[in-house]
Each structure stands twice: as structure tokens, then as C-alpha cells.
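Heavy-atom basis, side chains included; hydrogens, waters and symmetry copies ignored. Only a predicted model underlies this, so the values are computations on that prediction, with no experimental measurement involved. Protein chains get the first letters and strands the later ones, always in sequence-line order, with residue 1 at the start of each.
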Number of protein chains: 2
Amino acid sequence: MEEPRKRARPGRSPAPAGRTARPRQAEVARLAGVSQATVSLVLADKRQGPAISEETRRKVLEAARSLGYVPDPAARRLAAARNNLLGVFSFTATFPTDVQHSYYPFLVGVEREAAERGYDLVLFTGSSTGGAGAAGPDALSRVRLADGCLFLGRHAPVEELGRLVADGFPVVHLGRRDEPAGLHWVGADYVSAAREVVGHLACLGHRRMVLIREDDEAPASTDRERGFAEGLEAVGDGSVFRSADPERDLTPERLRSWLADGVTAFVAEETDTGAAWRALRRAAADAGIECPRDASLALLGSPPADLADGPEPTGFDIPRTRLGAAAVRMLAALVAGEEATEPLVACTFRPGATSGPPPATEDH
Amino acid sequence: MEEPRKRARPGRSPAPAGRTARPRQAEVARLAGVSQATVSLVLADKRQGPAISEETRRKVLEAARSLGYVPDPAARRLAAARNNLLGVFSFTATFPTDVQHSYYPFLVGVEREAAERGYDLVLFTGSSTGGAGAAGPDALSRVRLADGCLFLGRHAPVEELGRLVADGFPVVHLGRRDEPAGLHWVGADYVSAAREVVGHLACLGHRRMVLIREDDEAPASTDRERGFAEGLEAVGDGSVFRSADPERDLTPERLRSWLADGVTAFVAEETDTGAAWRALRRAAADAGIECPRDASLALLGSPPADLADGPEPTGFDIPRTRLGAAAVRMLAALVAGEEATEPLVACTFRPGATSGPPPATEDH
DNA sequence: GCGTATTACTAATGCGCATTAACGAGTACT
DNA sequence: AGTACTCGTTAATGCGCATTAGTAATACGC
């Protein structure tokens with residue numbers, strides 16, 4: 001025989017004893033001798049709504065306090081037609097096991113800014129769609145549960161993202177990204193940052209430089225190259241060394257031949273692997289080049305963890321935390337129906353110890 | 001004249017253009033040519049309740065998929081159902097800038113296990129920042145949006161937690177905790193782990209040991225002490241050195257006097273600061289005690305980051321990732337209305353290099 | 001005194017969903 | 001042919017709150 005219980009909630013109105021249920025606005029209203037609507041108004045404390053007498057306000061607040069009234073967030077969000085929920089979706093686990101993955105600093109900023117704005121975060125795991133739940137091509141659509149969603153990682157499927165964007169669902173991608181047209185993103189201003197590094201080298205007197213980069217087409221790489229080029233435009237000239245495997249191809253001999261050609265500074269891009277910088281450092285060491293003396297080195301980003309304890313490289317730091325915050329700001333703006341905010345976040349220049357004036361030449 | 005707009009939601013039903021709003025069950029129903037109730041039934045996929053024809057089921061699922069329908073979590077909660085959302089609430093920032101005491105390893109386990117079970121995570125923010133959400137007496141109550149909530153950190157206000165627990169809201173605290181009666185928790189089995197470490201020392205031949213601990217009453221400390229006592233029960237005897245500032249109070253002289261008393265092994269508890277272990281290592285060094293030779297040292301936990309590169313201490317590792325997973329398992333059980341699962345998670349013994357047989361005595 | 005404001009509140013409605021009583025259409029059995 | 005069931009679907013309801021239209025009461029102006 002089925003118990004005809006109404007909902008799972010125990011003891012209601014006349015309180016048949018047992019646990020007292022959480023009080024509702026209705027109970028507060030009864031105690032204060034007013035209507036539920038009045039309670040809502042008092043507690044909302046709007047300035048523009050109907051006026052409430054001081055007397056009533058007092059009674060309601062008193063009643064609410066004495067009952068220990070606490071609003072039900074679900075009901076509140078339902079009635080207000082917004083969730084105050086921002087999604088965070090990464091295509092790998094948000095918390096990869098290899099500790100202190102680079103997402104961490106982003107999340108710091110994301111959390112802080114979201115908290116600041118009263119949003120909570122929903123962490124969608126790539127696997128929450130692949131694991132127990134349904135996989136399939138519409139896996140991404142789960143993020144619609146939030147008011148908007150932040151995407152991390154390069155492997156976002158263009159198709160599905162495009163669909164979300166086309167539906168007007170607020171989406172912000174962390175990192176510049178052109179692919180689904182209309183996708184909003186925030187990213188570090190690699191162009192300016194690279195330009196600034198080159199400018200710094202130019203100030204020191206360098207006129208001829210080489211950029212070492214890996215062989216891919218990620219915006220992060222091309223932006224750096226552009227900044228490199230722009231920085232050199234009026235003050236010198238440079239060339240780009242591009243290799244799929246810099247650690248193999250960047251030989252000490254090549255470095256020496258560049259030096260012989262009058263190159264006095266080398267700039268490496270930062271990548272996931274840090275291969276360019278590692279290759280550059282090693283080749284320089286093998287070639288017997290002492291760093292700020294014989295040639296200057298710069299890194300367009302931060303050194304990989306395994307090279308962290310060498311001399312601090314001249315270059316710039318990616319403001320990951322601020323990026324996370326900026327992403328949330330933009331997402332919040334989109335959710336509010338406003339224009340997207342500024343997508344570029346400035347990197348901070350790092351003087352470092354791997355650059356100095358070029359060695360004296362015959363001009364001297 | 002007042003525009004009779006319904007809520008702030010733009011473009012509805014016949015879609016006057018512009019942004020498409022999130023689809024509701026009603027839209028799915030319309031597209032599938034059935035009623036909203038039917039949609040709900042199909043999507044709920046209950047085995048009891050009214051039967052649904054295969055034909056209808058197909059149509060509904062197809063419509064839902066093509067619209068990218070996702071249930072509104074707030075509405076679901078309100079209608080007394082489940083969300084598939086588990087909350088995570090920490091009383092400091094979940095992603096602290098100060099990496100020292102990071103919840104990261106826990107979160108790895110939490111995320112993995114949650115994904116495994118088809119739950120998404122809601123990170124309730126604003127606990128620390130006091131941002132827009134400000135810390136009222138209802139700061140905690142936001143978590144009711146989720147099906148259940150995980151709490152991290154020691155500073156959980158007993159009052160509010162008690163309220164949630166009393167209301168039957170599924171709550172699991174990470175770390176043993178007695179305070180709000182009835183609170184569920186998962187924690188590392190410090191008692192067994194400490195016992196095992198002591199047992200190991202006893203096996204090596206140690207009979208008299210001293211436990212160095214800080215002066216507080218956290219369960220994590222008292223549990224370790226209990227394990228220490230239990231481990232010694234039948235095999236030897238020990239005493240406890242307790243200090244609010246071990247680095248000041250634990251002098252080399254004291255160490256020597258213990259040695260003179262026949263103490264051959266020292267055990268330090270792990271705390272946030274790592275003070276006990278640091279003090280012990282330093283005092284031993286200052287006293288000219290060479291580690292495994294003159295006396296054995298053990299650490300009930302993991303060394304602080306700044307001592308990580310010394311010899312690996314004998315002791316145990318706290319299985320943080322597994323703890324996170326266990327917490328989610330328990331929370332899921334509670335949400336499902338089942339009994340709470342096993343709260344204790346075993347630590348893994350670490351042989352280390354700071355222990356060995358006691359030095360030869362006059363008995364020799 | 002009768003409109004017109006103004007103030008202080010309440011009734012009614014709906015947010016999106018789950019749930020259940022009710023209903024219509026078959027089919028089976030007296 | 002009438003009754004009893006079963007099956008598939010829908011109408012209706014309510015969760016707890018915010019919002020708005022509406023009402024009652026009082027103050028004001030001429």
C-alpha cells in the first residue's frame with residue numbers, strides 16, 4: 001500500500017509535532033499579522049517599490065528574526081528568473097591531477113571576481129558529460145543550466161560552442177579564439193607585451209634580434225610574433241626561427257652564426273612545453289655564450305617549472321589571475337545584456353637578469 | 001501607459017527575433033505535440049508512475065535534444081526534486097592565493113568522484129571575500145540550491161551548520177568534527193595511522209618515545225595522540241610534549257635529557273604550520289643528534305613545503321584525493337536517502353629514512 | 001463634499017518543474 | 001450490451017518567493 005505523503009517534507013502547517021520545518025514567508029506573515037507579500041517587500045528592502053510603514057517593517061523583521069527565517073534560494077532564484085550561477089567548463093578535468101596546473105591561477109581570479117559579484121560557480125567537468133551522464137554531441141548543452149559559461153582550454157569543439165553562441169547563450173572563452181564566429185573571449189595582450197620586451201631590448205641598444213618559436217598557429221604564438229615585429233619596426237630588424245622541435249634544431253652553431261651576423265638578442269616564445277626557451281638556454285650554454293654579457297635573452301612569458309630556479313628571464317608575466325577576473329567581468333556583462341567588456345588584459349613586464357647592453361662592436 | 005511585459009525575459013514563444021531564451025519544458029512540449037506534463041514524465045524516466053508509449057518518448061526526447069533543453073535547477077529544487085548538483089562551500093577562498101594550505105588535492109578527488117556519479121559541482125563563493133553576497137546569517141543557506149553540500153575548513157559556524165543538519169539537508173564536512181551534533185564527516189584515520197607509525201618504530205626496537213604536539217584541541221591532533229598511545233600500549237611507554245610554540249620550547253637540552261632517560265624515538269604531529277616537525281628537526285640538529293643513528297624521528301603526516309627536500313620522514317601520507325572522493329560518496333548516499341558511508345579513510349604508511357633501530361644500550 | 005493624490009497594504013499571478021487526479025480510449029470479461 | 005480494467009495522456013496543483021495590479025484608508029485641494 002502506498003503512503004499518500006505529500007512531498008518529502010515533514011511536519012507542515014499545524015505542525016503535527018516532530019521537527020519544525022523551516023519557516024516560510026507565510027509563517028512570518030502570520031506571526032507579524034500581515035500578508036506574505038508584505039513580508040517579501042520588507043525583506044527585499046527595495047527603495048522603489050510600495051512604501052512600508054516603519055511600524056510594519058519592525059514587526060516583520062522582528063517576526064522573521066524570532067522564527068529564524070531564511071529565504072529559500074531555489075524559490076528566490078526561480079522567481080527572480082536568474083540563477084546567479086556562472087558555469088566553468090574545461091575540456092580536461094578542471095582539476096587535473098598533475099598538480100598546480102596552469103588553470104589554478106585562473107580559477108583564483110574567477111572565484112574572487114564571481115564572489116565579488118554575487119555569483120556562484122558551477123564546475124562542469126568534461127567528464128560530467130562523458131562519465132555517467134550522457135555523452136553525445138550535445139553534451140555541452142548542460143552548461144545552459146547556468147546563466148552563462150566560461151570555457152577553458154583549447155579543445156573546445158567549435159560546432160557546439162557555435163550553437164551556444166548562436167542561441168545567444170552568454171559564453172566567454174579564456175584565451176583569444178576566432179573560431180566560432182561571434183565567440184567572446186578574454187586574453188592576454190601578447191602583442192603589446194612582446195612589443196614592450198623588444199622595446200626594452202632596443203633601449204639597451206640591441207638592433208638585431210631573433211625570435212625562436214615553435215611551429216604552430218595558435219593565436220598566442222602569432223600574437224607574440226606580431227608584437228615582436230611591431231617592436232622592431234622602427235628600431236632594428238629581426239628574423240624568426242621556427243621549428244617543430246627547437247631542442248633538436250636550435251644548435252649552438254646556428255647561434256654562433258647569428259652572432260656573427262650581428263644578432264645580439266634572442267627572444268623565445270613561451271609554450272606549454274617551454275621547449276623554445278629550454279632550447280635557447282641550452283644552445284647558448286653549449287655555445288659558450290654568457291648570458292647578459294655576450295648576448296641578451298628574453299622570454300615572452302614565464303619559464304617552465306624546471307627552469308624556474310635559473311636567473312630570472314627578461315620578459316613578461318601572464319596575469320592569469322587578472323585574466324580570470326576579466327573573464328568573469330565580461331561574462332557578467334553579457335549575462336546582464338550589456339556590451340562585452342575589454343577583452344585584452346595587459347601583461348606585466350619583467351626586467352629580469354638575462355638582458356643587458358649588447359657587447360661592444362667594432363663601431364666602438 | 002505601461003508596457004505589459006512579462007518579466008524581463010526577452011523574445012518568447014513565436015520568437016520576435018533577437019536572443020532565444022532558454023527553452024522550457026513547455027516549448028519542448030509544443031514542438032513534440034504533447035503536454036508539458038508528458039515532457040516532464042519522459043525526462044524523469046521513472047519506472048513507476050504512468051507509462052509512456054515508446055512513440056511519444058521518442059518524439060519528446062528528439063524535441064528536447066533539438067532545442068538543447070536543460071532543466072532549470074532552481075525550479076527542479078523547488079518542485080522538490082533533485083538537481084544533480086552538489087555544493088562545495090569553504091570558509092576561506094576555495095582557491096587561495098597562498099598555495100600553502102590549498103584544498104586542491106581534495107578537489108581533485110571531489111571532482112573526479114562527482115563526475116563519476118553524474119553530479120556537477122557548485123562552488124559557493126563569497127565565504128571569505130564578503131563581497132556582494134555579504135555574510136549574513138543566511139550566508140550558508142545558499143547551499144540549499146544544491147542537493148547536498150560539502151564543507152571545507154575549520155571555521156564553519158556551528159549554528160548555521162546545525163540548522164542545515166536539523167532540516168535534514170545533506171551535509172558532509174571534510175575533516176572530523178563533532179560540533180553540530182549529527183553532522184556527517186569524512187576524515188583521515190589518524191588514530192590507525194599514528195598507531196601504525198608507532199608500531200613500526202616498536203618493530204625496530206624502540207620502547208620509549210615522545211610525541212611532540214602543538215597545544216590545541218583539534219580532532220586531528222587528539223586523534224593522533226590517541227593513536228600514539230594505543231600503539232605504545234603493549235609494547236612500551238611514551239610521553240607527550242605539548243607546547244603552544246614548539247620552536248621556542250623544544251630545546252636541544254630537553255632532547256638530550258630525554259635521550260638520557262632512554263627515549264629513542266620522537267614523533268611529531270603535522271599541523272598547518274608544521275611547527276612541531278620543524279622544531280623537532282632543528283632541536284635534533286642543534287643537539288648534534290644524527291638522525292636514524294642516534295634517535296629515530298617520525299612525522300604524523302607530510303612535511304611542510306619548506307622541509308620537503310630533507311630526508312623523507314618516516315610517517316604517513318594523508319590521502320587527500322581519496323578523502324575528497326569519499327566525501328562525495330557519502331554525500332551522494334545521503335542525498336539518495338541512504339545510510340552514511342564509512343567516514344574514515346586510511347592513510348598510507350611512509351617508511352621514510354628518519355627511522356632505524358635504536359642505538360645500542362648497556363643491555364647490549 | 002466630491003474628485004484626486006498619496007500612502008500602506010493585500011490579492012493574485014507566475015517563475016519552471018514534478019506530481020497526481022482525472023479522463024478518454026481501448027480491450028476483456030461477464 | 002454493460003461493466004471492469006488497463007494504458008497513455010493531460011489538466012490541475014503547488015513548491016516559496018517576487019512582483020504588480022488593485023483596494024482601502026487617509027490627506028489634500030477647490
Before giving the answer on salt bridge (charged side-chain N to carboxylate O under 4.0 Å, His left out), spell out for Glu54(A) and Arg57(A) the whole-Å C-alpha distance, their side-chain angles and the decisive distance to 0.1 Å.
CA-CA 5 Å; Glu54(A) 205 43 53; Arg57(A) 177 185 309 279; 3.7 Å; yes
Salt bridge (charged side-chain N to carboxylate O under 4.0 Å, His left out) between Glu55(A) and Arg58(A), worked out:
CA-CA 5 Å; Glu55(A) 165 71 4; Arg58(A) 247 191 0 79; 3.5 Å; yes
Check against side chain to side chain contact (heavy atoms under 4.5 Å, CB included), Val143(A) and Phe169(A)
CA-CA 10 Å; Val143(A) 306; Phe169(A) 182 80; 3.9 Å; yes
Check the pair Arg117(B), Leu86(B) against side chain to side chain contact (heavy atoms under 4.5 Å, CB included), reporting the backbone distance first and the verdict last.
CA-CA 11 Å; Arg117(B) 294 167 175 269; Leu86(B) 296 184; over 6 Å; no
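Taking atom CG of residue Leu41(A) and atom P of nucleotide dT19(D), one finds them 9 Å apart after rounding to whole Å. Rounded to whole Å, atom P of dA18(D) lies 13 Å from atom CD1 of Ile52(A). Here dT9(D) presents its C1' atom at 13 Å from CZ of Arg57(B), a figure rounded to the nearest Å. Remark: C1' of dG16(C) and OH of Tyr69(B) are 7 Å apart, rounded to the nearest angstrom. Straight-line distance from the CG atom of Asp72(B) to the P atom of dC17(D): 16 Å, rounded to whole Å. For the pair Arg30(B) CZ and dG16(C) C1', the interatomic distance rounds to 13 Å; values are reported in whole Å. Nucleotide dG14(C) holds its C1' atom 13 Å from the CD atom of Gln36(B), rounded to whole Å. Atom CZ in Arg76(A) sits about 18 Å away from atom P in dG16(C), given to the nearest Å.
Phosphate contact (OP1/OP2 of dT9(D), side-chain N/O of Thr56(B), threshold under 4.0 Å): present. For Gln25(B), a side-chain nitrogen or oxygen approaches OP1 or OP2 of dA18(C) to under 4.0 Å. For the OP1/OP2 pair of dG8(D) and a distance below 4.0 Å, the side-chain nitrogens and oxygens of Thr38(B) include no atom meeting the criterion. Not one side-chain nitrogen or oxygen of Arg24(A) sits closer than 4.0 Å to the OP1 or OP2 atom of dC15(D). Listed pair Arg77(B) / dC15(D) fails the phosphate criterion, with no side-chain N or O lying under 4.0 Å from OP1 or OP2.
Looking at the side chain of Val34(B), the nearest of the listed nucleotides dT10(D), dA18(D), dG16(C) is dT10(D). Taking only side-chain atoms of Ser40(A), from C-beta outward, the nucleotide of dG8(D), dA18(D), dA18(C) with the closest atom is dA18(D). Listed nucleotides: dC17(C), dC17(D), dT10(D). Nearest to the side chain of Pro71(B): dC17(C). Looking at the side chain of Ala37(B), the nearest of the listed nucleotides dA18(D), dT9(D), dT19(C) is dT19(C).
Residues Glu62(B) and Leu31(B) have side chains not in contact (no heavy-atom distance under 4.5 Å, counting atoms from C-beta outward).
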Under 3.5 Å, N/O pairs linking protein and nucleotides 23-25 of chain C:
none

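With sequence neighbours excluded, the residues satisfying salt bridge (Lys or Arg N to Asp or Glu O under 4.0 Å) with Arg329(B) are Glu113(B). Shown here are the side chain to side chain contact (heavy atoms under 4.5 Å, CB included) partners of Ala74(B), two or more places apart in sequence or in another chain: Arg77(A), Leu78(A), Asn83(A), Asp72(B), Leu145(B). In this structure, the side chain to side chain contact (heavy atoms under 4.5 Å, CB included) partners of Thr56(B), at least two apart in sequence or on a different chain, are Val34(B), Thr38(B), Ile52(B), Ser53(B), Val60(B). In this view, Ala114(A) and Tyr119(A), Leu121(A), Val328(A) satisfy the side chain to side chain contact (heavy atoms under 4.5 Å, CB included) rule, not counting sequence neighbours.
Recorded end-axis angle for the helix from dG1(C)-dC30(D) to dT30(C)-dA1(D) stands at 70°, based on five pairs per end and rounded to 10 degrees.
Comparing Ala75(A) and Ala44(A) against DNA chain D, the residue whose closest nucleotide sits nearer the 5' end is Ala75(A).
Under the 3.5 Å distance criterion, the side-chain polar atoms of Asp120(B) are left unmatched by any main-chain donor or acceptor of Leu85(B).
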